[in-house]
Asks: 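A single structure is presented below for examination.
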Amino acid sequence: MKILGVLVVFLLGCTLQAQGQNLEKEYTAIERKVIEWRRHFHQHPELSNREFKTSEKIAKHLTDLGIEVQTEVAHTGVVGILKGNKPGKVVALRADMDALPVTERNDLPFKSNVTSEFIDEQVGVMHACGHDTHIAILMGVAEILAKNKDKIRGTVKFIFQPAEEGPPPGEEGGALLMIKEGVLKNPDVDAIFGLHINSSTPVGVIRYKPGGMMAAVQRFVIDVKGKQTHGSEPWGGIDPILISAKIIDGLQTIISRETDLTNEAAVISVGKITSGVRFNIIPESAQLIGTIRTLDYDMQKLITHRMQEMVPDIAKAYGGQATIEIKSNTDITYNDPDLVEQMLPVMQKVAGSANVQLRKASTGGEDFSYFQREIPGFFFYLGGMTPGNTTPYPHHTPDFSIDENGLLLGVKTLTEMSLTYLKQ
């Protein structure tokens, strides 16, 4: 068995080496196009479920390559189906398309000056999370694979997904809606790969983690009811602001005293409190809105159960009432350990062993997780920080920027992963 294992690794290495040599000229030729596409999408960003021009450009590109194209999937999503010359499995590659309601501060020749309406407000629009690079990378992968159908044993499904940042209030969208509309069916997908450019990971580096890599994201709303009174006579009422403070304090004890943080990280954060109209009136009600981040399903169950117990009990202890509603935003981004093990030699061959680095889990969220809930998936970080930069700007900020020298590695990695997975 040991000899057989060594032989498999050796043959896989030979396959990867031959593959890379065969496609190296095409990788070099595609880089300029990928950068041009990225700059176009950066200059013309569109918000979630409103990616109309973005999807048009993607669909035209795929059609011109001779790829079967489906449009208007989950409103604005685009799906391309490329069948190889030989039968086999089906692998999906996903890129998200939406931008954020952020006004760009970067001084770039392709800077976004786009404005749009978001929740009844006029806002700037910016690709402040790197989705423009994801689109461009996947378009590059599609072009290379379409020109090399003879190397494809099976089918590649290209998923260009809208609304990863979340659909507007009152709308469905994102990965959940794509799944609901059958994006993983006809043909049925066996595995899915995705990447995320990262502004704090150096160019040329890939970072990954088997198992839970990014957190499940839940949103909670707590409504507290008290009794209004004059601020000078607090004994005449029931103070919902005081109750809110006690609830916040109590929620943090769930993390600090009841959750086994040696297992995985967990977070409860209150991001918004609304209450009152005047300095001298104790109001009748208050509302708290926040987020729960978990990387383990048992921990998630414990935390949500204790929150549902604790919130009304704390309010009752101070004479008031409180209700809590918890809704899911994303699931745990769970990298299938077997799939990671299969793809690790591919990443090491493409990027170099020293540049493929194991990382700790992140409490950020990603709706790629919903695809992984249905089928085995692998999601990894791609370096987008200029080497030596000690102060990269975070994602979702007006100064967020990406070094375009990192994009070609994304093209190579997704291409080689696809071909290798389908050959196994």
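These figures come from a predicted structure and were not determined experimentally. In this chain, numbering begins with 1 at the start of the sequence shown.
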Asks: Does the pair Glu284/Lys227 count as a salt bridge with the N-to-O cut at 4.0 Å?
Replies: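 Salt bridge flag = no for Lys227 with Glu284.
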Asks: I'd like to check Ile332 versus Ser369 (side-chain heavy atoms, cut-off strictly below 4.5 Å). Are they in contact?
Replies: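 No. Closest side-chain heavy atoms not under 4.5 Å.
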Asks: Quick one: do Met126 and Thr103 satisfy side chain to side chain contact (heavy atoms under 4.5 Å, CB included)? Show the steps, please.
Replies: CA-CA 6 Å; Met126 177 189 174; Thr103 301; over 6 Å; no
Asks: Does any part of the side chain of Glu374, heavy atoms only, come nearer than 4.5 Å to the side chain of Leu184, both counted from C-beta?
Replies: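 Side-chain contact under 4.5 Å: yes.
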Asks: How far apart are the C-alpha atoms of Arg306 and Glu309, what are their side-chain angles, what is the distance that settles it, and do they pass the salt bridge (charged side-chain N to carboxylate O under 4.0 Å, His left out) test?
Replies: CA-CA 5 Å; Arg306 289 293 290 128; Glu309 280 186 332; 2.8 Å; yes
Asks: May I ask you to say whether Glu404 pairs ionically with Arg38, meaning some side-chain N is under 4.0 Å from a carboxylate O?
Replies: yes
Asks: Look at the aromatic rings of His196 and His131 and report parallel, tilted or perpendicular, splitting at 30° and 60°.
Replies: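 Plane angle over 60°, so perpendicular.
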Asks: Distance from Leu108 atom CG to Phe110 atom CZ, nearest 0.5 Å?
Replies: 4.5 Å
Asks: Can you give me the closest heavy-atom contact between Ser48 and Pro167, atom names plus distance?
Replies: CB-CA, 4.5 Å
Asks: Taking all heavy atoms of Ala286 and all of Ser244, pick out the closest pair and write down the distance.
Replies: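 In terms of heavy atoms, the two residues are closest at CB-OG, 3.5 Å.
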Asks: Does the side chain of Asp249 reach to within under 4.5 Å of the side chain of Lys246, using non-hydrogen atoms?
Replies: no
Asks: Would the distance check show the side chain of Lys149 and the main-chain N or O of Ile152 forming a donor-acceptor pair, the cut-off being under 3.5 Å?
Replies: no
Asks: Looking at every non-hydrogen atom in both residues, tell me the closest pair between His127 and Pro45 and how far apart they are.
Replies: CD2-CB, 3.6 Å
Asks: Please assess Gln372 against Asp336 for the test side-chain hydrogen bond (donor to acceptor under 3.5 Å, both in side chains), listing each intermediate value before the final yes or no.
Replies: CA-CA 8 Å; Gln372 293 173 305; Asp336 182 90; over 6 Å; no
Asks: Would one find more than 12 heavy atoms of other residues, nucleotides or ligands at under 6.0 Å from atom CD of Glu121?
Replies: no
Asks: Determine whether a donor-acceptor pair (N or O, by modelled atom type, separation under 3.5 Å) exists between the side chain of Asn355 and the backbone of Ala351.
Replies: yes
Asks: Starting from the C-alpha separation in whole Å, work towards a yes-or-no answer on side-chain hydrogen bond (donor to acceptor under 3.5 Å, both in side chains) for Asp223 and Gln321.
Replies: CA-CA 8 Å; Asp223 287 300; Gln321 296 176 310; over 6 Å; no
Asks: What residue among Leu93, Ile192, Ile67, Val189 forms side chain to side chain contact (heavy atoms under 4.5 Å, CB included) with Lys157?
Replies: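 Only one of Leu93, Ile192, Ile67, Val189 forms a side chain to side chain contact (heavy atoms under 4.5 Å, CB included) with Lys157, namely Val189.
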Asks: Determine whether a donor-acceptor pair (N or O, by modelled atom type, separation under 3.5 Å) exists between the side chain of Thr253 and the backbone of Arg257.
Replies: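 No, Thr253 side chain to Arg257 backbone: no donor-acceptor pair under 3.5 Å.
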Asks: Do Glu56 and Lys60 meet the salt-bridge criterion of a basic N to acidic O distance under 4.0 Å?
Replies: no
Asks: Decide yes or no for Phe41 and Thr133: does some side-chain heavy atom of the first lie under 4.5 Å from some side-chain heavy atom of the second?
Replies: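 Heavy-atom side-chain distance check fails, nothing below 4.5 Å.
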Asks: Assess whether a salt bridge exists between Lys412 and Glu416, defined as any Lys/Arg side-chain N lying under 4.0 Å from an Asp/Glu carboxylate O.
Replies: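 No salt bridge links Lys412 with Glu416.
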Asks: Are Gln161 and Asp98 close enough that a side-chain donor and a side-chain acceptor fall under 3.5 Å?
Replies: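 Note: Gln161 and Asp98 side chains miss the donor-acceptor criterion.
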Asks: Is it the case that over 12 heavy atoms from other parts of the model lie below 6.0 angstrom from the NZ atom of Lys111?
Replies: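 More than 12 heavy atoms, drawn from other residues, nucleotides or ligands, come within 6.0 Å of this atom.
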Asks: For Thr413 and Gly410, indicate whether the former's side chain and the latter's backbone hold a donor-acceptor pair under 3.5 Å.
Replies: no
Asks: Is there a side chain to side chain contact (heavy atoms under 4.5 Å, CB included) between Gln300 and Tyr297 once you walk through the steps?
Replies: CA-CA 5 Å; Gln300 182 187 68; Tyr297 290 113; 4.0 Å; yes
Asks: So Ile241 and Pro283, do their side chains get closer than 4.5 Å, heavy atoms only?
Replies: yes
Asks: Treating Thr201 as the side-chain partner and Asn198 as the backbone partner, does any N or O pair qualify as donor plus acceptor under 3.5 Å?
Replies: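 Looks like no, no N/O pair under 3.5 Å.
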Asks: Going from CD1 on Ile197 to CG on Leu382, what distance comes out if it is rounded to the nearest 0.5 angstrom?
Replies: 4.0 Å
Asks: How far apart are the C-alpha atoms of Gln357 and Tyr381, what are their side-chain angles, what is the distance that settles it, and do they pass the side-chain hydrogen bond (donor to acceptor under 3.5 Å, both in side chains) test?
Replies: CA-CA 10 Å; Gln357 301 170 358; Tyr381 283 162; over 6 Å; no
Asks: Nearest 0.5 Å please: distance from the CG atom of Leu295 over to the CD atom of Glu264.
Replies: 5.0 Å
Asks: Identify the heavy atoms of Leu100 and Ala128 that sit nearest to each other, and give their distance.
Replies: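 Smallest heavy-atom distance, with atoms named: CD1-CB, 3.9 Å.
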Asks: With a 3.5 Å distance limit and no angle check, can you tell me whether Asn106 reaches the backbone of Phe400 through a side-chain donor-acceptor pair?
Replies: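 A pair under 3.5 Å: yes.
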Asks: Is there a donor-acceptor contact under 3.5 Å linking the side chains of Glu104 and His42?
Replies: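 Note: Glu104 and His42 side chains meet the donor-acceptor criterion.
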Asks: What I'd like to find out is whether the side chain of Val350 reaches to under 4.5 Å of the side chain of Leu409, using heavy atoms alone.
Replies: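 Yes. Closest side-chain heavy atoms under 4.5 Å.
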Asks: Are any of the side-chain nitrogens in Arg50 or Glu117 under 4.0 Å away from the carboxylate oxygens of its partner?
Replies: no
Asks: Leu176 and Asp367: side chain to side chain contact (heavy atoms under 4.5 Å, CB included), yes or no, with the steps?
Replies: CA-CA 8 Å; Leu176 271 179; Asp367 85 344; over 6 Å; no
Asks: On a heavy-atom basis, which atom in Ile303 and which in Ala266 lie closest, and how many Å separate them?
Replies: CD1-CB, 3.8 Å
Asks: Can you tell me how far the CG atom of Leu344 sits from the CG atom of Leu339, to the nearest 0.5 Å?
Replies: 11.5 Å
Asks: Please report whether the ring centroid of Phe368 lies less than 6.0 Å from that of Phe379.
Replies: yes
Asks: Is a donor on one side and an acceptor on the other found under 3.5 Å between the side chain of His61 and the backbone of Met139?
Replies: yes
Asks: For Ala322 and Ala315, work out which heavy atoms get closest and say how close.
Replies: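 For Ala322 versus Ala315, the nearest heavy atoms are CB-CB, 3.5 Å.
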Asks: Does the pair Ser328 and Gln218 meet the rule for a side-chain hydrogen bond (donor to acceptor under 3.5 Å, both in side chains), with working shown?
Replies: CA-CA 4 Å; Ser328 176; Gln218 293 169 287; 5.9 Å; no
Asks: Looking at side-chain heavy atoms only, is the closest gap between Thr291 and Phe220 below 4.5 Å?
Replies: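 Contact flag for Thr291/Phe220 side chains = no.
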Asks: Does any N or O in the side chain of Ser55 come within less than 3.5 Å of the main-chain N or O of Phe52, such that one atom is a donor and the other an acceptor?
Replies: yes
Asks: So how far is it from Lys33 NZ to Trp37 CH2, rounded to the nearest 0.5 Å?
Replies: 5.5 Å
Asks: Let me confirm one number: the CG-CZ distance from Asp331 to Arg373, rounded to the nearest 0.5 Å.
Replies: 5.0 Å
Asks: Report yes or no: does Asn49 contribute a side-chain atom to a donor-acceptor pair with the main-chain N or O of Glu172 at less than 3.5 Å?
Replies: yes
Asks: Walk me through it: do Gln43 and Ser112 pass the test side chain to side chain contact (heavy atoms under 4.5 Å, CB included)?
Replies: CA-CA 4 Å; Gln43 196 166 17; Ser112 169; 6.0 Å; no
Asks: For Gln348, is there any backbone N or O sitting under 3.5 Å from a side-chain donor or acceptor partner on Ser353?
Replies: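 Not a single qualifying donor-acceptor pair exists.
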Asks: Side-chain contact test, heavy atoms from C-beta onward, threshold under 4.5 Å: evaluate it for Ile289 versus Val270 and give yes or no.
Replies: no
Asks: Would you mind checking if Glu46 and Lys53 are paired as a salt bridge, meaning a charged N to carboxylate O distance below 4.0 Å?
Replies: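 A salt bridge is absent here (no side-chain N lies under 4.0 Å from a carboxylate O).
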